[in-house]
Amino acid sequence: MPLPAEVDAVVVGAGPNGLVGANRLADAGWDVLLVEAQPEVGGAVRSDREVDPAFVSDTFSAFYPMAAVSPAITSLGLERFGLEWSHAPAVLGHPRRDGSWALLHHDEDVTAGLLDAAHPGDGEAWHELVGRWRIVQPGLIGSLLTPIPPVRSGVRFLTELARVGGLGFVRELLVPAAHLAERRFGGDGPSLLVAGNACHADIPLDAAGSGFIGLLLTMLGQTVGFPAPTGGAQALSEALRARFEAAGGTVATSTPVTGIRVAGGRAVAVQTADGEVRVRRSVLADVGAEQLFGGLVDAADLPARTTRKMDGFRRDPATFKVDYALDGPVPWAGTPAYAPGTVHIADSVPAMSAYSNQLDSGFVPADPYVLVGQMTTTDPSRSPAGTESLWAYTHVPQEVRGDAGDDGLTGSWDTSEAERFADRLQARIEAFAPGFGSRVRSRRILTPADLEHRDANLVGGSLNGGSSAVDQQLVFRPFAGTGRSETPVRGLYLASASAHPGGSVHGACGMNAARAALWWDRLRLSR
Ligand SMILES: Cc1cc2nc3c(=O)[nH]c(=O)nc-3n(C[C@H](O)[C@H](O)[C@H](O)COP(=O)(O)OP(=O)(O)OC[C@H]3O[C@@H](n4cnc5c(N)ncnc54)[C@H](O)[C@@H]3O)c2cc1C
């Protein structure tokens, strides 16, 4: 498709943030071009049939609790563009070696009943915790997802906070994930659920901040579930694309952007191998901070302080993923009372701490914590009846200093290393599901480099656009500054997960960038 010579705005990158930002600008009547390097839109929200033609595999992400509560996505009415959500019988499960499970069910009463059966009294404690969370969730989510400072939602959150114990509740949120739930519960179920969810981010389980992430995901699981788009993750991206095109937007795929031209301190054009597109108003960059400030914008067009601050930018750990087509369901050692969509595999909370500490200190984990998605259990349309489309992933260091296991892995992730580490990961599943290997019809390994090859934002296999550690959050994201999408170049906005509020599919980074572009344009200051 020939590119237009000039538009109001170019959005670089069609991940969820780029798609949301593009929709917002098109809604405002702007003439918007969305340029994507890959042949498909979606970024890390895509599906394919490479593992087996009869199976839909979510290539990257799969479950979207943040999308379910994020106004940036819920306000778009994507159901009108074909989006439907599927839910597994249970949201989340953590199997134990003895065949029992810690389970999170959509119905709070059912979760509480299961916890109480495992340890009398835990059911009531669960209701008490969820009850308090429901009070603060709207203000908290609003504050997290809106630009800094979150004035309106911040006031709402403070009011809600006062109703649930004020600073006492805040202090509880700061307790590391390894210890957060043990204070309230006698059984290990809630601790396993919270610590397992904390492992989705890269904060060590004995550090402050991990408990907040773990509790946030656990409580979202209880209040909205972990929904997955019916038909595959791609369905969410296609709905965003269809809505954008219906609003008059144009999409160019298979078109990597090679540079952003700056004149007089302002972004004036976007460069591709097919030529240059001039912009009248703004460029939204749904690309990683490393790429934006490390090449797409010429260093000569950036203040020296930006380059200096980017030196301190830290990636989140690399991801190592295996996708499976299974001939039958996973043969778990014990059948869960309700089949979960998401499964966390780890022997115990201390085992998860050991994993996160090995990862944090540069070692390939000996017994990796494994995050598993039972996608056909969640959405029967993903594969033929009686089979399971499954994925499993864990994290490995960006820079490998050694192997805490005994395979001598170096982090080259060549074919031999990739196969051996995939076997280690699979052995973890097998330990909780004897006979798992015999159900494998085919598997696909995605090393950190494979992931980056399919989405340039996944630098070194990182999945959150930069570390989620507290020193790289809020006004420190992507580096110390305002925590907003504005960049030192006028008319250029950082719209990816490298911006506040970071990774996960909520579209807020894209929405915040679009709002900033519209705001400055309205003021005619072209910031
Ligand atoms: C394996 C994996 C599992 C995950 N699981 C979940 C999950 O279950 N739930 C959840 O909420 N989140 C999950 N995440 C995180 C989530 O997918 C990301 O945080 C989210 O996709 C970030 O959106 P984004 O739009 O900022 O970037 P991306 O989704 O990465 O999209 C960026 C887009 O920009 C394009 N691009 C980059 N450079 C250029 C260029 N120069 N020119 C043109 N195009 C360019 C890329 O090709 C890509 O399409 C997961 C991520 C991974 C990798």
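Both counts, for ligands and for their atoms, begin at 1 and track the order of listing.
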Ligand 1 contacted by Leu451 (non-hydrogen, < 4.0 Å): no

Run the salt-bridge test on Arg241 and Glu40 with the 4.0 Å N-O cut-off and return the result as yes or no. no

Would you call Arg444-Asp48 a salt bridge at under 4.0 Å N-O? yes

Which residue and atom name correspond to the protein heavy atom nearest atom 47 (O) of ligand 1, and how close is it? Glu36 OE2, 2.6 Å

Centroid-centroid under 6.0 Å between His344 and His200 rings: yes

Decide, yes or no, whether a salt bridge links Lys321 with Asp58 under the criterion of side-chain N to carboxylate O below 4.0 Å. no

I need the nearest protein heavy-atom contact for atom 42 (N) of ligand 1: residue, atom name and distance, please. Val257 N, 2.8 Å

Please work out which of the three classes, parallel, tilted or perpendicular, describes the rings of Trp391 and Tyr393, given edges at 30° and 60°. parallel

Taking atom 18 (C) of ligand 1 as the reference point, the nearest protein heavy atom with its distance: Leu463 O, 3.8 Å

For Pro204, is there any backbone N or O sitting under 3.5 Å from a side-chain donor or acceptor partner on Asp360? no

Geometric N/O contact Gly503 with ligand 1, under 3.5 angstrom: no

Would Gly465 count as a contact of ligand 1 if the rule is a heavy atom under 4.0 Å away? no

Sub-4.0 Å atoms of ligand 1 with respect to non-hydrogen atoms of Phe63: 7 (C), 8 (O), 9 (N), 10 (C), 11 (O)

Atom indices of ligand 1, in the order listed, that fall short of 4.0 Å to a heavy atom of Ala62: 7 (C), 8 (O)

Establish, from distance only, whether the side-chain atoms of Gln398 and Arg314 form a donor-acceptor pair under 3.5 Å. no

Can you find an N or O of Ser504 that's nearer than 3.5 Å to an N or O of ligand 1? yes

With a 4.0 Å cut-off on heavy atoms, does Gln291 reach ligand 1? no

Check Glu290 with Arg315, please: is the shortest side-chain N to carboxylate O separation under 4.0 Å? yes

Heavy-atom contacts under 4.0 Å between Val12 and ligand 1: side chain, backbone, both, or neither? side chain

Mark up the atoms of ligand 1 that fall under 4.0 Å of a heavy atom belonging to Val35, in ascending order. 43 (C), 44 (N)

One finds that the ligand 1 atoms under 4.0 Å from a non-hydrogen atom of Ala37 are 43 (C), 44 (N), 45 (C)

Between Arg424 and Asp367, is the closest basic N to carboxylate O distance under 4.0 Å? no

Charged N to carboxylate O below 4.0 Å: is that the case for Asp27 and Arg24? no

Return the residue, atom name and 0.1 Å-rounded distance of the protein heavy atom closest to atom 16 (C) of ligand 1. Val505 CG2, 3.8 Å

From the list Pro16, Ser70, Ser237, side chain to side chain contact (heavy atoms under 4.5 Å, CB included) with Val505 holds only for Pro16

Contact atoms of ligand 1, heavy-atom distance to Ser496 under 4.0 Å: 26 (O)

Among protein heavy atoms, which lies nearest atom 20 (C) of ligand 1, and at what distance? Pro16 CG, 3.9 Å

Please report whether ligand 1 has a polar contact with Asp286, defined as an N or O pair separated by less than 3.5 Å (distance criterion only). yes

Side chains of Glu486 and Trp519: do they bring a donor and an acceptor to under 3.5 Å? no

Set out, in order, the CA-CA distance, both residues' side-chain angles and the distance that settles salt bridge (charged side-chain N to carboxylate O under 4.0 Å, His left out) for Arg266 and Asp301, then state yes or no. CA-CA 9 Å; Arg266 184 179 160 64; Asp301 293 318; over 6 Å; no

Would you mind finding which of Val45, Asn17, Val270 brings a heavy atom closest to atom 26 (O) of ligand 1? Asn17

So which heavy atom in the protein is nearest atom 13 (C) of ligand 1, and how far is it from that ligand atom? Ser61 CB, 3.3 Å

Looking only at N/O atoms, are Phe60 and ligand 1 under 3.5 Å apart anywhere? no

Report the residues that fulfil side chain to side chain contact (heavy atoms under 4.5 Å, CB included) with Val279, sequence neighbours left out, ordered by chain and then residue number. Val7, Val10, Val283

Counting non-hydrogen protein atoms only, what is the nearest one to atom 28 (P) of ligand 1? Give residue, atom name and distance. Asp455 OD2, 3.5 Å

Taking only heavy atoms of Gln38 into account, list the atoms of ligand 1 that are under 4.0 Å away from them. 47 (O)

Phe421 and Trp413 aromatic centres sub-6.0 Å: yes

for atom 29 (O) of ligand 1, nearest protein heavy atom and its distance come out as Ala44 N, 2.9 Å

What atoms of ligand 1 come closer than 4.0 angstrom to any heavy atom of Leu458? 53 (C)

Which of the atoms in ligand 1, numbered in the order shown and given with their element, are less than 4.0 Å from a heavy-atom of Val287? 37 (C), 38 (N), 39 (C)

